[in-house]
Colleague: 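What follows is a single structure, and I will ask about it in a moment.
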Amino acid sequence: MFFTTACRKTSLTVFKYVASKNSKKLELFNPKDGSLVANDVDLAGAEDVDAAVAAAEKAFPAWKKIPAQARQEMMNKFAALIQKHSVELAELSRITLGAPISAIGHRETMMAAEGFKYFAAWIDKFAGESFPQDDGFLKIVRNEPLGVVAGVVPWNGPLTTASNKAAPALATGNCFILKPSEKTPFSALALGPLIIEAGFPPGVFQILSGDGSTGALLSSHMRIRKISFTGSIPTGKRIQEAAAKSNLKRVTLELGGKSPAVVFDDANLENAITWCARALTMNTGQICFAATRVYVQEGVYEKFVEGYKKALLKAAENIGDPEAESTTMGPLVDKAQFDRVSGFIERGKNGQGTLLTGGSRVGSKGYFIQPTVFTNVDPDAEIIRQEIFGPVSVLNSFKTEEEIIEKCNDTNYGLMAGVFTQDINRALRVASEFDAGMVGVNCVSLSFKQTPFGGTKESGLGRENGSAALRAYTDQKTVMINLTY
Ligand code: NAP
Ligand code: MG
């Protein structure tokens, strides 16, 4: 069995898909106008998950032994196929996500391809270690794949998050099952023919469309050896609990954030404003490491307020149809997300802070919302404490370095932080004091394939990207050779 689920959208049925045994279906809507896209996308149930796991287990013994070069060729070919079809794939994400083609859609798909190329290059470079026989025993440490592993991903970066998991898993010789979000299944499902064309053997890379119940089946499965998850903190906790209660499968959790950006008096203001405004508007604020708590030192506060507001008003001019080349901000992903973000804004207006800009819906149909900023926000207010996952930030002034470190770290999140200053000593001091997995100096809300991606505290567990991702999909085996007799 190769592809274990079916999508009834004709644009996707370009290869053999296997119909789900589950009669439940997913309903998908276009967030630009709320229109129905499909109501017949399969939702994988227990039988489907078991069948996928069985197919993966069958494929694993041969797959883990495939020579490095052959595996590299498949992954590079797959990356090239994603690039070749990036426009169609981006469209399949956009139709239910609303990410504008020019600003994010195409880039998101290309980043997914980059991930496969990056991890393909690691395949013959992730050798183990050996230790000399000075004590009579030669010690060899092997990096071995885990077996059948799964990735459960959110909707905000449907292909990049899939690539962040699939690429290191496959590169290290695991068989991989992907569960895309119920809100964005189409681009993931469309990878099917590309997987086949790239030459991956049947069962090595499978995709199960479904919802949270499918994710729960995967995380509690007794024969899945690892689950890598990107999504919200409550779901991450459920996954870790299910993993512990089932077979103690390995868990990587990439969860939410409420990331601070700190702008000191001596910062290049134009640069700071550009990064902070971009962080808030990119993907309509639906980015886990977006800088949504902005702190500006007193001396430049008024100037920053003016420039930040101007930049966000400018961004708001390009809110619109995600199909249009000129659009840089699309709608929020769906009605539930729109209601959630609007709720935060309404409650914020009722006494949590002062509305600086935005705060309203754009247009009368679809789920468009203005970039919104609150100033003078109470440190205990909900809008400064909780992740909103939309284009909403809080902006406050501060006096001293000591004071601001404490404020930045006073959160249960720890994904990213940014510091803007021309003073190298201060930049490095603050960077080391931030309790966060990633820190930008004179930049914020960015990541690179080569470097670990992930958070401290409740922002997650483990790291993706770089060699850390390879470690997460392997166990080390120590082989001890007796040379004393
Ligand atoms: P979510 O509701 O936690 O869902 C994420 C994935 O988990 C989806 O595929 C979802 O399925 C699945 N799921 C839901 N319930 C499950 C369960 N009980 N067991 C197993 N899987 C389950 O998050 P989301 O709303 O899609 O995404 C937004 C969140 O993701 C935000 O909090 C954001 O910060 C975070 N995020 C983090 C990162 C990062 O790298 N740190 C990156 C992007 C997003 P269905 O959606 O199909 O129901
Ligand atoms: Mg759900």
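Counting starts at 1 for both ligands and their atoms, following the listed order. It should be emphasised that the depicted structure is a prediction, and the values quoted were computed from it without experimental measurement.
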Colleague: Check this for me - ligand 1, Ser219, N or O atoms closer than 3.5 angstrom, yes or no?
Modeller: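 Looking only at distances, the answer is no, because the N/O contact criterion of under 3.5 Å is not met.
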Colleague: So, regarding Val153 and ligand 1 (criterion: nitrogen or oxygen to nitrogen or oxygen, under 3.5 Å), is there a contact or not?
Modeller: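 Between Val153 and ligand 1 (N or O atoms, distance only) the closest approach is under 3.5 Å.
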Colleague: Any idea which atoms of ligand 1 are less than 4.0 Å away from a heavy-atom of Val152?
Modeller: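 Answer for ligand 1: 6 (C), 7 (O), 9 (O), 12 (C), 21 (N).
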Colleague: Just go through Asn164, Asn283, Asn156 and tell me whose heavy atom is the nearest to atom 44 (C) of ligand 1.
Modeller: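 The residue whose heavy atom sits nearest atom 44 (C) of ligand 1 is Asn156.
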Colleague: Atoms of ligand 1 less than 4.0 Å from Cys288 heavy atoms?
Modeller: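 Here the atoms of ligand 1 in question are 34 (O), 36 (N), 37 (C), 38 (C), 39 (C), 40 (O), 41 (N), 42 (C), 43 (C), 44 (C).
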Colleague: In terms of atom number and element, which parts of ligand 1 are under 4.0 angstrom from non-hydrogen atoms of Lys179?
Modeller: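 Listed by number with element, the hits are 8 (C), 9 (O), 10 (C), 11 (O), 45 (P), 47 (O).
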Colleague: Using a cut-off of 6.0 Å, state whether more than 12 heavy atoms not belonging to Lys349 lie near its atom NZ.
Modeller: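 Check passes, neighbour count above 12.
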Colleague: How is the N/O/S atom of Glu182 that comes nearest to the Mg ion (ligand 2) named?
Modeller: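 Per the distance ranking, Glu182 contributes OE2 as its closest N/O/S atom to the Mg ion (ligand 2).
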Colleague: Would Gly210 count as a contact residue for ligand 1, given that I'm defining contact as a non-hydrogen atom of the residue lying under 4.0 Å from a ligand atom?
Modeller: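 Yes, Gly210 has a heavy atom closer than 4.0 Å to ligand 1.
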Colleague: Show the atoms of ligand 1 that are less than 4.0 angstrom away from any heavy atom in Gly256.
Modeller: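 That gives atoms 34 (O) of ligand 1.
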Colleague: Please list the nearest protein heavy atom to atom 18 (N) of ligand 1 with its residue and the distance rounded to 0.1 Å.
Modeller: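 Going atom by atom, the protein heavy atom closest to atom 18 (N) of ligand 1 ends up being Arg238 NE, 3.6 Å.
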Colleague: Give the numbers and elements of all ligand 1 atoms closer than 4.0 Å to a heavy atom of Phe229.
Modeller: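 Numbered from 1, ligand 1 contributes 3 (O), 5 (C), 6 (C), 7 (O).
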Colleague: Strictly under 4.0 Å, does any heavy atom of Lys183 approach an atom of ligand 1?
Modeller: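 Lys183: no contact with ligand 1 (<4.0 Å).
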Colleague: Could you tell me whether a side-chain N or O of Asn412 sits under 3.5 Å from a main-chain N or O of Lys457, the two making a donor and an acceptor?
Modeller: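 Not at all, since once roles are kept as given, no pair shorter than 3.5 Å links the two residues.
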Colleague: Mind checking whether Leu255 has an N or O less than 3.5 Å away from an N or O of ligand 1?
Modeller: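 In this structure, Leu255 places an N or O atom under 3.5 Å from an N or O of ligand 1.
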Colleague: Return the minimal non-hydrogen interatomic distance between Leu332 and Pro391, and the atom names on each side.
Modeller: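 Closest heavy-atom pair between Leu332 and Pro391: CD2-CD, 4.0 Å.
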Colleague: What do we get for Ile239 next to ligand 1 when only non-hydrogen atoms under 4.0 Å count, side chain, backbone, both or neither?
Modeller: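 Near ligand 1, Ile239 shows its side chain, while the N, CA, C and O stay back.
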Colleague: Does any N/O atom on Thr230 come nearer than 3.5 Å to any N/O atom on ligand 1?
Modeller: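 No; every N/O pair is 3.5 Å or more apart.
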Colleague: Look at the rings of Phe338 and Tyr367 and say which category their plane angle falls in: under 30° parallel, 30 to 60° tilted, over 60° perpendicular.
Modeller: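 It falls in the tilted class, 30° to 60°.
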Colleague: So is Phe453 close enough to ligand 1, meaning a heavy atom under 4.0 angstrom away?
Modeller: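 So Phe453 counts as touching ligand 1.
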Colleague: Dump the intermediate steps for ring pair (Phe, Tyr, Trp, His ring centres under 6.0 Å) on Phe176 and Tyr473, then the final yes or no.
Modeller: CA-CA 10 Å; Phe176 182 78; Tyr473 288 96; 7.2 Å; no
Colleague: Among Thr252, Asn174, Thr474, find the residue that satisfies the side chain to side chain donor-acceptor pair (under 3.5 Å) test when tested with Lys226.
Modeller: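 Single pass found, and it is Thr252.
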Colleague: Quick check: Glu182 and ligand 1, any N/O pair under 3.5 Å apart?
Modeller: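 Yes, since at least one N or O of Glu182 sits under 3.5 Å from an N or O of ligand 1.
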Colleague: Among all protein heavy atoms, pick the one closest to atom 31 (C) of ligand 1 and tell me residue, atom and distance.
Modeller: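 Of every protein heavy atom, Glu387 OE1, 3.4 Å lies nearest to atom 31 (C) of ligand 1.
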Colleague: Given Thr160, Asp211, Thr235, Thr161, identify the one with the heavy atom nearest to atom 2 (O) of ligand 1.
Modeller: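 The residue whose heavy atom sits nearest atom 2 (O) of ligand 1 is Thr235.
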